[in-house]
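One structure is given below, encoded as structure tokens.
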Amino acid sequence: MWYGPQASENQTARQLLQRLLGDRAAEFTADVVPVGDGHDVGRPDWFEVDAGPGGVALRGSSGVAVASALRWYLRTACRTQITWDAPVPRLPDRLPRTGTAARTTSPYRHRYHFNVCTFGYTTAFWDWARWERHIDWMALHGVTTPLAMTGAEAAWQQALLSTGLDDETARRFLGGPTYLPWNWLASLDSWCGPLPQSWIDGHADLGRRILDRERALGMRPVLQGFSGHVPRELIADRGARSTTLPWWDFEVGVLDPRDPLFEEFGTALLTEQTRLFGTDHLYAADPFIETVPPVTDPADIARVARAVHGAMTAVDDEATWVLQAWPFSYRADYWTPDRTRAFLDAIPDDRMLILDLWAEHKPVWRHTDGYRGKPWVWCMLHSLGGRPGLYGKLDEIAAGAAEASADARGGTLSGIGASMEAFGGDPVLYELLADVAWNGSVKDVRAWLENWVEARYGRRTPGLLRAWELLHATVYDADGPGPPGSVVVCRPTLAGDLRPELPVHLAAPPSPSVPPGLTEAWTLLAGEATDEDSAGPLGRDLCDVTAQVLTHLACDQQRRAADAALARDADRFRAAATELLTTIEDLDALLATRPEYRLDTWLAEAGSWASTPAEAELYEANARRILTVWGHPRSELHDYSGRHWAGLVRSFYLPRWRRWSEHIERALETGSPYRAQEFEASLIDWEERWTTERSETATPGPDTTGATLDVVRTLMPRYRASRG
């Protein structure tokens with residue numbers, strides 16, 4: 001039985017200060033002043049800071065608000081901060097006295113965090129220590145409404161067993177650990193499993209621990225709803241009415257909402273989930289996330305909506321459905337105004353919360369009558385699959401939600417959040433979003449960046465300020481939906497013009513041109529960095545900018561090699577291909593200096609959950625496959641979640657490009673055609689073997705290889721010269 005958090009919010013807030021500040025926590029006090037009785041969630045959240053001779057008093061309406069007060073004081077008074085990649089603030093010997101600062105009150109009831117996919121692309125193998133750090137980070141950044149999927153497989157297993165299915169069938173349906181999110185999205189099942197019992201038990205415990213901490217800080221987590229996806233064996237056993245829905249290379253069975261099994265199983269699942277994890281009355285369900293309903297009549301669409309919400313209210317009469325608006329844009333050809341209207345109007349306004357998932361680039365609220373009066377959340381999607389590259393829309397993040405709220409169509413806006421598919425890049429975006437979450441908007445992004453520079457690096461110099469002006473104007477004010485694609489992680493081919501196959505949903509094609517502003521920012525950051533900076537935030541930012549420059553240069557080298565191959569010019573091909581392979585090697589050497597960019601870390605996290613050799617093999621295969629081939633050997637999702645990670649670049653991407661170079665060189669030497677199909681078959685065979693390797697043969701070796709600044713200083717003269 002789930003009993004809920006035992007610690008008070010005051011106690012939990014004080015413990016958070018101790019974890020983040022160590023001995024200096026004694027100079028701070030935390031005072032949670034609840035706004036209501038726990039059910040009155042409509043009142044605004046607030047915090048205030050009083051820094052005097054007796055220490056720094058942090059007060060707020062929740063543990064999250066108190067943590068946000070700490071973040072405000074660190075940034076405003078101490079000119080330092082805590083980010084995911086710089087967790088230790090630089091505190092002065094004497095804490096600044098600011099007196100009593102004006103109370104800060106958030107205009108947003110919901111401050112959302114996570115995407116279902118994040119639980120596969122980023123958090124799949126996190127342990128409690130890693131989760132604890134991230135929950136602290138969420139509290140500091142004002143998150144009130146986190147998606148909470150960890151451990152949901154335990155509720156699914158018990159609900160499936162209650163229908164009469166055997167345990168083997170239930171665990172096979174759940175699939176492998178990195179692919180669970182797509183099971184929850186009714187897109188995929190029975191892939192890369194079966195899920196071991198030890199995983200289910202361990203993650204049920206972890207999920208409860210996560211929820212206890214989030215609730216103790218005043219968060220209201222979003223748990224899982226039910227949208228009709230069940231094993232096809234269960235459908236067959238019951239003779240239930242159903243349909244088969246396609247999703248990329250896969251198909252799943254989905255119950256007809258009119259069939260009694262829909263409500264029966266949905267009720268069983270949510271009852272078991274509540275028993276295991278409690279509830280905060282928020283449930284995520286997405287019946288048609290990247291596919292279309294099997295019906296066309298608006299009345300049938302409304303019936304589906306009522307069935308999904310009905311499974312929630314059968315267990316919880318306070319249930320609110322949290323819906324991603326992604327289909328209304330992704331499948332806009334299906335979601336006509338009358339169908340969208342029927343779907344939304346089927347649910348009471350106060351029982352649905354809609355996530356405008358990609359509002360910084362492709363907002364849906366403008367085209368759906370502002371969601372017909374439903375409360376909604378303006379979300380920054382930012383990262384598709386965790387692909388590499390600096391990218392963001394700082395100006396849109398600073399103002400987008402406020403502009404939506406002022407628009408007649410967006411007037412029911414009730415929140416802001418981050419809905420990234422993968423987490424870990426571009427920390428500047430998340431710091432800006434946290435300030436918007438408390439202040440409604442940021443009026444002057446340039447001035448905000450000046451403060452960001454000082455808090456991030458501990459100093460404010462003309463060179464650093466100029467570098468960030470340039471980054472703002474190039475990579476952080478992008479017109480497109482994402483960073484330029486990396487040729488390094490794109491799949492080589494010998495077909496057509498010999499340019500690589502782009503991953504599906506690639507935000508922008510690879511570009512051979514290094515933006516002049518990026519080159520200048522690279523020079524400035526390298527010039528400002530000291531040896532002491534190398535392991536810290538400045539070293540990390542210098543690594544990111546250097547990697548971006550190398551990415552553009554690799555694209556140019558690959559195009560020159562392809563052109564030479566098509567011209568059957570062996571010497572010119574060999575020269576360009578050698579440059580390309582050298583650049584990829586240099587990229588791996590650069591990434592190996594950063595602990596956050598290492599394949600072996602990901603594989604070690606996967607292996608840490610194993611209790612048997614068979615489990616270790618399963619988890620590592622999951623960890624490898626999702627980053628590379630993703631699905632079937634000829635999957636359309638190939639390289640969707642490609643990463644610039646040391647070890648992955650060296651052991652996977654570099655050998656692919658080397659094989660491409662060798663195939664072409666042999667053909668040029670013998671005067672043979674390039675034989676694209678033969679190359680494709682050999683590449684598939686090699687990729688599949690790579691996914692089954694064990695980490696002993698594919699890790700870069702030592703924990704770090706050199707200092708970031710040393711590697712950059714070695715690379716910079718060479719690549720400047722190569723550009724003429």
Side-chain angles (χ1 to χ4, degrees), residues 84-85 121-122 382-392 420-429 471 475 478 482-492 500 502-503 505-512 514 518 522 525 537 539-558 580-603 623-624 626-630 638-658 690 698-700 704-706 708 711-712 715-716 719:
W84 67 264
D85 64 340
Y121 290 138
T122 298
H382 175 231
S383 174
L384 291 172
R387 292 185 198 140
L390 295 168
Y391 167 75
M420 62 283 154
E421 286 189 346
F423 183 79
D426 301 297
V428 64
L429 303 183
L471 292 173
V475 297
S486 168
V487 158
V488 174
V489 305
C490 291
R491 199 157 178 269
L502 306 184
H505 289 336
L506 186 67
S511 169
V514 184
L518 184 65
W522 186 34
L525 290 176
R540 182 264 161 85
D541 294 343
L542 183 57
C543 175
D544 284 349
V545 172
T546 306
Q548 190 90 338
V549 171
L550 296 184
T551 298
H552 287 290
L553 296 176
C555 180
D556 175 66
Q557 293 156 354
Q558 194 280 330
L580 172 63
L581 297 176
T582 300
T583 298
I584 297 173
E585 290 174 342
D586 287 342
L587 176 63
D588 189 83
L590 171 72
L591 297 167
T593 68
R594 307 303 309 176
E596 57 266 57
Y597 293 143
R598 301 180 63 85
L599 174 65
D600 53 355
T601 301
W602 173 251
L603 297 181
R624 287 169 172 266
I626 200 166
L627 299 180
T628 54
V629 299
W630 209 104
H638 231 119
D639 297 308
Y640 178 83
S641 187
R643 313 282 172 95
H644 280 175
W645 281 358
L648 184 62
V649 170
R650 185 186 62 81
S651 72
F652 188 76
Y653 303 127
L654 178 61
R656 285 203 312 196
W657 281 111
R658 186 174 287 126
W690 187 90
T699 53
T704 56
T705 306
T708 303
V711 174
V712 172
L715 297 179
M716 185 171 274
Y719 285 99

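Residues take their numbers from the sequence shown, with the count starting at 1.
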From [X] atom [atom1] to [Y] atom [atom2], the distance as rounded to the nearest 0.5 Å:
{"X": "T593", "Y": "R598", "atom1": "OG1", "atom2": "CZ", "result": "9.0 Å"}
{"X": "T628", "Y": "L648", "atom1": "OG1", "atom2": "CG", "result": "7.5 Å"}
{"X": "R658", "Y": "I584", "atom1": "CZ", "atom2": "CD1", "result": "9.0 Å"}
{"X": "L429", "Y": "S383", "atom1": "CG", "atom2": "OG", "result": "10.0 Å"}
{"X": "T582", "Y": "D586", "atom1": "OG1", "atom2": "CG", "result": "6.5 Å"}
{"X": "D426", "Y": "Y391", "atom1": "CG", "atom2": "OH", "result": "10.0 Å"}

Search all heavy atoms of [X] against all heavy atoms of [Y] and return the closest pair with its distance.
{"X": "P388", "Y": "G642", "result": "CD-O, 3.3 Å"}
{"X": "S641", "Y": "I626", "result": "CB-O, 3.5 Å"}
{"X": "A623", "Y": "L603", "result": "CB-CD2, 3.9 Å"}
{"X": "W84", "Y": "P427", "result": "NE1-CB, 3.5 Å"}
{"X": "P510", "Y": "V487", "result": "CB-CG2, 3.6 Å"}
{"X": "D588", "Y": "G647", "result": "OD1-N, 2.8 Å"}

Problem - Qualifying salt bridge (charged side-chain N to carboxylate O under 4.0 Å, His left out) pairs, either residue in residues 544-555, two or more places apart - result: R540-D544
Could you list the residues that satisfy side chain to side chain contact (heavy atoms under 4.5 Å, CB included) with [X], not counting sequence neighbours?
{"X": "D639", "value": "R491, P503, F652, Y653, R656"}
{"X": "T122", "value": "T118, W126, A422, F423"}
{"X": "T583", "value": "L550, A554, Q557, Y719"}
{"X": "P512", "value": "C555, D556, R559"}

Practice task
For the pair W690 (side chain) and S651 (backbone), establish whether a donor and an acceptor sit closer than 3.5 Å, ignoring hydrogens and angles.
Solution key: yes
Problem - Side-chain (R643) to main-chain (L627) donor-acceptor, under 3.5 angstrom - result: no
Fill in the blank from the handout: Checking V475, T551, D541, V428 against L390 for side-chain contact (heavy atoms from CB on, under 4.5 Å), the one that qualifies is V475
Practice task
Side-chain contact test, heavy atoms from C-beta onward, threshold under 4.5 Å: evaluate it for H644 versus R594 and give yes or no.
Solution key: no
Handout entry: P483 side chain near R387 side chain, heavy-atom distance below 4.5 Å
Key = no
Exercise for the section: Please list, chain by chain and in numerical order, all residues satisfying ring-ring contact (aromatic ring centres under 6.0 Å, His included) with Y597, sequence neighbours excluded. Expected result: none
Exercise for the section: Given side chain to side chain contact (heavy atoms under 4.5 Å, CB included), test M420 with Y121 step by step and report yes or no. Expected result: CA-CA 10 Å; M420 62 283 154; Y121 290 138; over 6 Å; no
Exercise for the section: Please test T546 against M716 for side chain to side chain contact (heavy atoms under 4.5 Å, CB included), starting from the C-alpha separation and ending with a verdict. Expected result: CA-CA 8 Å; T546 306; M716 185 171 274; 5.7 Å; no
